[in-house]
Amino acid sequence: EVQYVALKNINIIIQKRPNVLEKETKIFFCNFNDPAYIKTEKLEILVKLANNNNIDQILHELKEYISEVDVDFVRKSIRAIGRCAIKLDRASEKCVQALWAVSYTHLTLPTIYS
């Protein structure tokens, strides 16, 4: 698929020059109907593009992915939040808070509905 090839090439380019697309993170947000391999590639790109200026926007989007039905994609999204925490020292607390909020929500939801 053309989109996959394009994303792979973008991924390679931003390894060397992440600033080229740092303000264009929204175009790499996943759509519900994206195939799993496209979503995975977009997650990789989002982590590489994450910086202290756009981390709030990226975290908001990654937290949205946690409610997906695809368990593998949810795991990858949680891992992406952790990778952002490791990558960005100044944003690590925000990332940990996002992970805590996600884990708290998922732990308490079953009790609310039972």
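Between the CZ atom in F28 and the CG atom in L7 there is a gap of 6.5 Å [rounded to 0.5 Å]. Atom CD of Q3 is separated from atom CD1 of I10 by 9.0 Å, given to the nearest 0.5 angstrom. Separation of atoms CG (N51) and CD1 (I58) is listed at 7.0 Å; rounding is to 0.5 Å. Note that NZ of K42 and CD1 of I27 are 9.0 Å apart. Values are rounded to the nearest 0.5 Å. A distance of 10.5 Å separates CG in N19 from CD1 in I14, rounded to the nearest 0.5 Å. Distance CG/L99 to CD/Q97: 10.5 Å, rounded to 0.5 Å.
At least one side-chain heavy atom of C95 sits less than 4.5 Å from a side-chain heavy atom of L59. Looking at heavy atoms from C-beta onward, K8 lies out of side-chain contact with E44 at the 4.5 angstrom threshold. At least one side-chain heavy atom of E41 sits under 4.5 Å from a side-chain heavy atom of Y4. Side-chain contact check for R75 versus V71: some heavy-atom pair is nearer than 4.5 Å. The shortest side-chain heavy-atom distance between K48 and P18 does not fall under the 4.5 Å cut-off. Two residues are said to be in side-chain contact when any heavy atoms from C-beta on lie closer than 4.5 Å; E1 and I38 meet this criterion.
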Exercise for review: Determine, step by step, whether R83 and K87 satisfy the side chain to side chain contact (heavy atoms under 4.5 Å, CB included) criterion, reporting the C-alpha distance in whole Å, the side-chain angles of both residues, the deciding distance to 0.1 Å, and the verdict.
Suggested key: CA-CA 6 Å; R83 289 173 57 203; K87 178 182 175 184; over 6 Å; no
**Study point:** Test side chain to side chain contact (heavy atoms under 4.5 Å, CB included) applied to Q57 and F29, step by step
**Key:** CA-CA 10 Å; Q57 185 179 38; F29 288 174; 3.8 Å; yes
Check your understanding: Would S77 and L43 count as a side chain to side chain contact (heavy atoms under 4.5 Å, CB included) if you check the C-alpha gap in whole Å, the side-chain angles of each, and the deciding distance to 0.1 Å?
Key -> CA-CA 7 Å; S77 300; L43 280 178; 4.0 Å; yes
Point to revise | Criterion side chain to side chain contact (heavy atoms under 4.5 Å, CB included) on C84 and L46, from CA distance to verdict | key: CA-CA 9 Å; C84 287; L46 284 173; over 6 Å; no
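The aromatic rings of F73 and Y65 are tilted relative to each other, their planes meeting at an angle between 30° and 60°.
Within 6.0 Å of CD on Q15 lie more than 12 heavy atoms contributed by other residues, nucleotides or ligands.
In this structure, the side chain of D34 engages the main chain of N31 through a donor-acceptor pair within 3.5 Å.
In this structure, V74 is not a member of the same hydrophobic cluster as V96, with clusters built from ILVMFWY side-chain heavy atoms closer than 4.5 Å. Hydrophobic clustering keeps I45 apart from V47 (ILVMFWY residues linked when any side-chain heavy atoms are closer than 4.5 Å, directly or through intermediates).
The two residues N9 and V5 have their closest heavy-atom pair at ND2-O, 2.8 Å.
Looking only at atom types and distance, the side chain of E22 has no donor-acceptor partner in the side chain of N54 under 3.5 Å away.
For the salt bridge (Lys or Arg N to Asp or Glu O under 4.0 Å) condition, the pairs that include at least one residue of residues 49-72, sequence neighbours left out, are K39-E68, D56-K94, D72-K76.
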